Amino acid sequence: MTKRIESLKVIDNKPLKKDFFIIELESSEKLPEMKPGQFVQARVDGSKETFLRRPLSLHDVDYTNNRFKILVQVVGKGTESLSRLKTKDSLNLIYPLGNSFSLPEKGARTLLVGGGCGIAPLLYLGRYLKSHSIIPDILLGFRNSDRVLECKDYEAVGNVFLTTEDGSAGEKGFVTNHSLLGKARYDKVYCCGPEMMMKAIAGWCKKNNTDCEVSLENLMGCGIGACLCCVVNTVKGNVCTCTDGPVFNTKELIW
Amino acid sequence: MTKRIESLKVIDNKPLKKDFFIIELESSEKLPEMKPGQFVQARVDGSKETFLRRPLSLHDVDYTNNRFKILVQVVGKGTESLSRLKTKDSLNLIYPLGNSFSLPEKGARTLLVGGGCGIAPLLYLGRYLKSHSIIPDILLGFRNSDRVLECKDYEAVGNVFLTTEDGSAGEKGFVTNHSLLGKARYDKVYCCGPEMMMKAIAGWCKKNNTDCEVSLENLMGCGIGACLCCVVNTVKGNVCTCTDGPVFNTKELIW
Amino acid sequence: MVKLGFSIGDLQFKNPVITASGTFGYGSEFDDFLDISRLGGIVVKGTTLEPREGHPYPRMAETASGMLNAVGLQNKGIDYFEKNIYPRLSEYTTNVIVNINGSCIDDYVALTERINRLEKIPAIELNISCPNVKMGGMVFGTNPVSAREVTKAVRRVCLKKLIVKLSPNVTNIVDFARIAEEEGADSISLINTLLGMSVNVRSMKPSLSTITGGLSGPAIKPVALRMVWQVANTVKIPVIGMGGIMNADDAIEFILAGASAIQVGTASFIDPLASVKILEGIESYLVTKGFSDIREITGLINRSK
Amino acid sequence: MVKLGFSIGDLQFKNPVITASGTFGYGSEFDDFLDISRLGGIVVKGTTLEPREGHPYPRMAETASGMLNAVGLQNKGIDYFEKNIYPRLSEYTTNVIVNINGSCIDDYVALTERINRLEKIPAIELNISCPNVKMGGMVFGTNPVSAREVTKAVRRVCLKKLIVKLSPNVTNIVDFARIAEEEGADSISLINTLLGMSVNVRSMKPSLSTITGGLSGPAIKPVALRMVWQVANTVKIPVIGMGGIMNADDAIEFILAGASAIQVGTASFIDPLASVKILEGIESYLVTKGFSDIREITGLINRSK
Ligand SMILES: Cc1cc2nc3c(=O)[nH]c(=O)nc-3n(C[C@H](O)[C@H](O)[C@H](O)COP(=O)(O)OP(=O)(O)OC[C@H]3O[C@@H](n4cnc5c(N)ncnc54)[C@H](O)[C@@H]3O)c2cc1C
Ligand SMILES: Cc1cc2nc3c(=O)[nH]c(=O)nc-3n(C[C@H](O)[C@H](O)[C@H](O)COP(=O)(O)OP(=O)(O)OC[C@H]3O[C@@H](n4cnc5c(N)ncnc54)[C@H](O)[C@@H]3O)c2cc1C
Ligand SMILES: Cc1cc2nc3c(=O)[nH]c(=O)nc-3n(C[C@H](O)[C@H](O)[C@H](O)COP(=O)(O)O)c2cc1C
Ligand SMILES: Cc1cc2nc3c(=O)[nH]c(=O)nc-3n(C[C@H](O)[C@H](O)[C@H](O)COP(=O)(O)O)c2cc1C
Ligand code: FES
Ligand code: FES
């Protein structure tokens, strides 16, 4: 899979609730093959205060039109600057980067768990699973109803369940508190979100003997395996999140 | 005269020939008194590569609408970034700064000489002179006809003469070569442009016993007299261009 | 209300935001923009015994997130200061500190004695990184022996609080901090500018008339912060941190690393209101985080180990 | 065609653009983006005798126009390098230089001897600013005595061209350059990272697991340029300049200040094509300015005095 550096056209930048927004990008060339879990490194041109690129997951891919989407949450200077991109602006990316979520066995009972901006890669993963005839449960956690994103897209690929920390939408509490986890049984769980959440889900999976893949959001210097800044400690020692990950089976991680 | 820091509304950003453009700004408050020769310190928000503000002269002032214009030439990163400002963007300024051109004696035969972006302050100066019933000759020098700006505004305040280095418009050569300087006699000359040009004009004035004021374009750290980086050597020692200038009578300068 | 004060010995500062020498003129340059008496203090321009013209133009070059300067201590000398500037300065209800500079120890001592008699100046900042000195061109602030000598000599005569301002252009900043403390400094401020350079590729010449100059601004913040942290972990006297502080978050980094107060330098060139905004930002940070006294967070990263 | 080549002794480089150690992996990370054989050379990751895991995450923090890293020399050791990486590297038709690191002089010597037998490696870059060493924690590159010892010991066994890479965290860089030259270095490269620090004000903790780390990027360029200029004016051997070079203009500043070649570091993280763009930019600068050989502008600012 060849990586490339390209300035893509911003087709649309749609603000969602609160600090979230979705940027749709178009390449002037044929898109390379891009897998769920992979990410891009976005250059932030509009901000005096950022220096490095910012890693962002593939949210959805439309090969027909050579377009894809990223879903971003404003957490600091870089994402704030990206939120100001307008239709017709361009965004310089290095992509596609990283490994990807693995395909579960046929008929596997599958759960996707996402929190905050960690929900971003799950849509494209859901579509991918669906194309392989797997309809996952999708459990999404948010701070409060102000931040609950429209879930229509997700509902098209699976059965969506919600939690909010304050109970203002869906069940109250963290994703790990959701009643689903008390009832259902899964063969495979995919999870992306804050580290604390991923660790909790990994713990639950371990207890239930469920295979679990997480997508890590480690700080990145380069995104291409050159700086060794993004490491995570695994059973094989320190490996790069950007090339050996961002997706890891939790069995490999020393958490 | 009180200085202020304000984010002004960009009413218009009109590209002129080649690298020149005029930005019109509007204040939400009543404009302070602003004199010809004074300048603003513009914050360059859109550029990763600039750190300090950029000094720019008042090109024209419209008190009725609380608007004023700056005329800018792209020479580097900061001016390039300013050239991309759009209507409705905002531009943060500290203004008005510096001293101003002095009013000549009644009926003084007056010449304005400008080169490159040094023509910027001369329009407002011309209006000011006109309001005091002085109609100056205005001698403008450009690299070549590609860069000759529309002179209608200037023609409204004086008699415009042109030079280009390659003779593609007006007389050929530098402003100092213009035949006007061989014929006419002046009591007062005002000059702004590249240092070499100003020195040449100052030399001509000295020879002809003509009083001469120049507006210096020294590099500035702050624009408000705090950093002492913009100094020019005068008969009184090193003084700040931003507070004691930018306008100096050439008699004061050690050139 | 959050408590923001700190003190150097018995000298109280109402808050930890001070403006840095050479970047805030004599205060009056900023009167149009802010009420200077709100600040914890101001350090005025580097002052010398005799008037100085400074270095020739060009003295300044912009760099990535920073600037180089080669002002060369241009100032009108202590006589002029005492007669023409001091009277106005003494009307501010904040601590006005004089930054002193000399070409030899005698100069520093003589200057200190002159300032001793200025009642409204509560402290001296001893700048020991002046590049032009007698002793074989060795810079005071980068030679431990001369750093000790000048501090000792000034301390002997100094009736004010003595703040020693360190140069960052050294292998081991901690050595110099120890020397200052041993010789009786009441406080240490750091960092002064890093020695840097820039070349204009159009003209193919150095950007500064002096070739090298002092680097300031956010570019140097990581180095400044590291040195402040090292020094704060070494000495018992209060440390005043500076170097690239542009906003409240930057200031808080220094405080968390152990600085009792901070100085705002180059930031004031870009935003004359920077110092006041930083003060307000520190206050609201403390409120948001639920602290009632800034001292609860001073050096916090060292305590939570 | 403009002449861009330079040489270290009899070792020819086709052009002066080299990638810096620790920022270009082993080259293969960049194969998708550029033809590495176009470059003057590449310096591979810092290599040690034994494999190293490096420091714990977090190892990186963004700063104004720069970044801090605390990678801590993570690498798989010389055995792995020789067996698994060297064969592929030796296919590039450019100079592949190995950056060597040790905890004590014996390590450096042993590593040098291992590299001696790798035919396709024409030069060693001796990194003497490794922070973890035996001798009382003193860093090789900031102590003149140990800097001399390690250079001498490596030179004694080294059959390759020896480039000594200096640490900028010293009072007087010229002392270290002289030592390297006296002990037989064929070239000097500088600067390595400046020691810096950053604090996360949200978590109120240091940003790096190691608290302090190495600062790189445009922020440090003025300091790097100053040191390169000082060193180029001192030694006769070729100087390789680096520190914050992002584009051709930056590179040309170093060359005008006296660097015979430059290394591109952090820039490659943001633009993997940076090195090649810099090469092209240097070439077109020379053409525009009417020079036919880069050596006409090497150190030009020192000649035009
Ligand atoms: C592989 C990968 C995929 C990602 N995908 C997405 C995505 O699809 N959508 C999305 O919105 N975000 C995603 N992220 C996270 C995103 O990269 C960060 O939120 C972004 O880089 C923050 O940049 P900023 O300039 O806005 O924040 P900064 O101003 O740099 O930082 C603001 C605050 O957030 C903290 N912070 C920043 N980045 C991280 C991080 N990675 N982990 C923990 N704390 C951090 C900082 O320490 C600081 O306190 C992904 C990260 C990775 C590694
Ligand atoms: C009081 C005053 C009034 C001014 N009024 C105007 C105006 O009305 N319109 C206008 O277009 N410009 C004006 N200038 C000049 C303007 O400030 C500079 O052109 C601008 O700051 C350059 O910024 P930049 O980021 O585009 O260039 P940079 O990228 O900073 O520099 C590009 C190149 O230009 C050189 N350069 C930059 N500034 C100067 C300078 N001041 N003198 C000599 N060389 C310089 C640099 O050394 C470099 O080689 C004025 C300057 C002063 C001091
Ligand atoms: C233009 C300028 C002039 C300075 N003059 C002095 C001075 O006279 N005495 C002094 O001790 N420091 C002087 N400094 C250093 C600052 O006080 C401060 O130590 C340094 O700039 C780092 O802080 P900053 O990055 O916030 O600017 C000067 C700095 C600048 C930029
Ligand atoms: C992530 C990272 C890792 C580095 N690893 C090494 C190393 O192993 N050996 C070494 O000599 N220098 C190392 N360096 C320093 C660079 O080679 C270079 O000297 C420094 O980054 C300054 O150049 P720059 O500003 O262009 O990056 C590293 C730098 C970075 C940013
Ligand atoms: S981000 Fe640089 S190696 Fe992973
Ligand atoms: S620009 Fe700072 S004093 Fe004039």
Side-chain angles (χ1 to χ4, degrees), chain C residues 61 63-68 139 142-144 167-172 194-207 211-215 217-230 244 246 248-257 285 289 297 300-302 304-305, chain D residues 61 63-68 139 142-144 167-172 194-207 211-215 217-230 244 246 248-257 285 289 297 300-302 304-305:
Chain C
T63 67
S65 298
M67 66 179 275
L68 289 162
V139 176
T142 59
N143 177 319
S167 162
N169 302 295
V170 297
T171 308
N172 194 350
L194 282 169
L195 197 61
M197 176 175 159
S198 153
V199 176
N200 187 322
V201 299
R202 295 196 199 180
S203 66
M204 308 183 92
K205 293 203 176 106
S207 305
I211 306 186
T212 62
L215 181 65
I220 70 171
K221 195 185 75 176
V223 174
L225 195 60
R226 182 261 296 180
M227 291 187 168
V228 166
W229 174 74
Q230 290 177 311
M246 300 299 281
D249 277 0
D250 294 338
I252 292 160
E253 284 194 65
F254 280 84
I255 293 165
L256 289 168
Y285 176 87
K289 287 272 186 186
I297 71 162
L300 190 69
I301 65 161
N302 307 315
S304 59
K305 265 184 298 198
Chain D
T63 68
S65 299
M67 65 178 278
L68 288 162
V139 176
T142 59
N143 176 318
S167 162
N169 301 295
V170 298
T171 308
N172 194 351
L194 281 170
L195 196 61
M197 175 177 162
S198 152
V199 175
N200 187 321
V201 298
R202 293 195 199 183
S203 67
M204 307 182 94
K205 290 199 178 110
S207 305
I211 305 185
T212 63
L215 181 65
I220 70 171
K221 196 186 73 176
V223 174
L225 195 61
R226 182 261 297 182
M227 291 186 168
V228 166
W229 174 74
Q230 290 177 311
M246 301 298 283
D249 277 0
D250 294 338
I252 292 159
E253 284 194 65
F254 280 85
I255 293 165
L256 289 168
Y285 176 87
K289 287 272 188 185
I297 70 161
L300 190 68
I301 65 159
N302 308 315
S304 59
K305 263 184 298 196

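Throughout, a chain's letter reflects where its sequence line sits, starting with A, and its residues are numbered from 1. Keep in mind that what you see is a predicted model, and the values were worked out from it rather than measured.
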Q. Most heavy-atom pairs under 4.5 angstrom with chain D, which of C/M227, C/K221, C/K289, C/M197?
A. C/M197
Q.
Counting only non-hydrogen atoms closer than 4.5 Å, does D/L225 touch chain C with its backbone (N, CA, C, O), its side chain (CB onward), both, or neither?
A. both
(Q) Is it the case that the side chains of D/T171 and C/T142 hold a donor-acceptor pair, with the cut-off being a distance below 3.5 Å and no angle test? (A) no
Q: Using side chain to side chain contact (heavy atoms under 4.5 Å, CB included) as the criterion, list what pairs up with C/S198, not counting sequence neighbours.
A: C/A61, C/L68, C/S207, D/E253
**Q.** Approximate separation, where rounding is to 0.5 Å, of D/L256 CG and C/M204 CE
**A.** 5.0 Å
Q: Look at C/P222, C/G196, C/S65 and state which one has the largest set of heavy-atom pairs under 4.5 Å with chain D.
A: C/P222
Q) Can you name the one residue among D/L194, D/N169, D/I220 that meets side-chain contact (heavy atoms from CB on, under 4.5 Å) with C/V223? A) D/L194
Q. Side chain, backbone, both or neither: which part of C/I297 has a heavy atom under 4.5 Å from chain D?
A. side chain
Q | Residue, of C/V228, C/I252, C/V170, C/T212, that accumulates the most heavy atom pairs under 4.5 Å with chain D | A | C/V170
Q: Identify the heavy atoms of D/R226 and C/L195 that sit nearest to each other, and give their distance.
A: NE-O, 2.8 Å
Q.
As an exercise: rank C/I255, C/D249, C/D250, C/N200 by heavy-atom pairs under 4.5 Å with chain D and give me the winner.
A. C/D249
**Q.** Contact summary for D/Y285 and C/V201, nearest pair of heavy atoms
**A.** OH-O, 2.6 Å
(Q) Using heavy-atom distances under 4.5 Å, tell me whether C/F254 contacts chain D through its side chain, its backbone, both, or neither. (A) neither
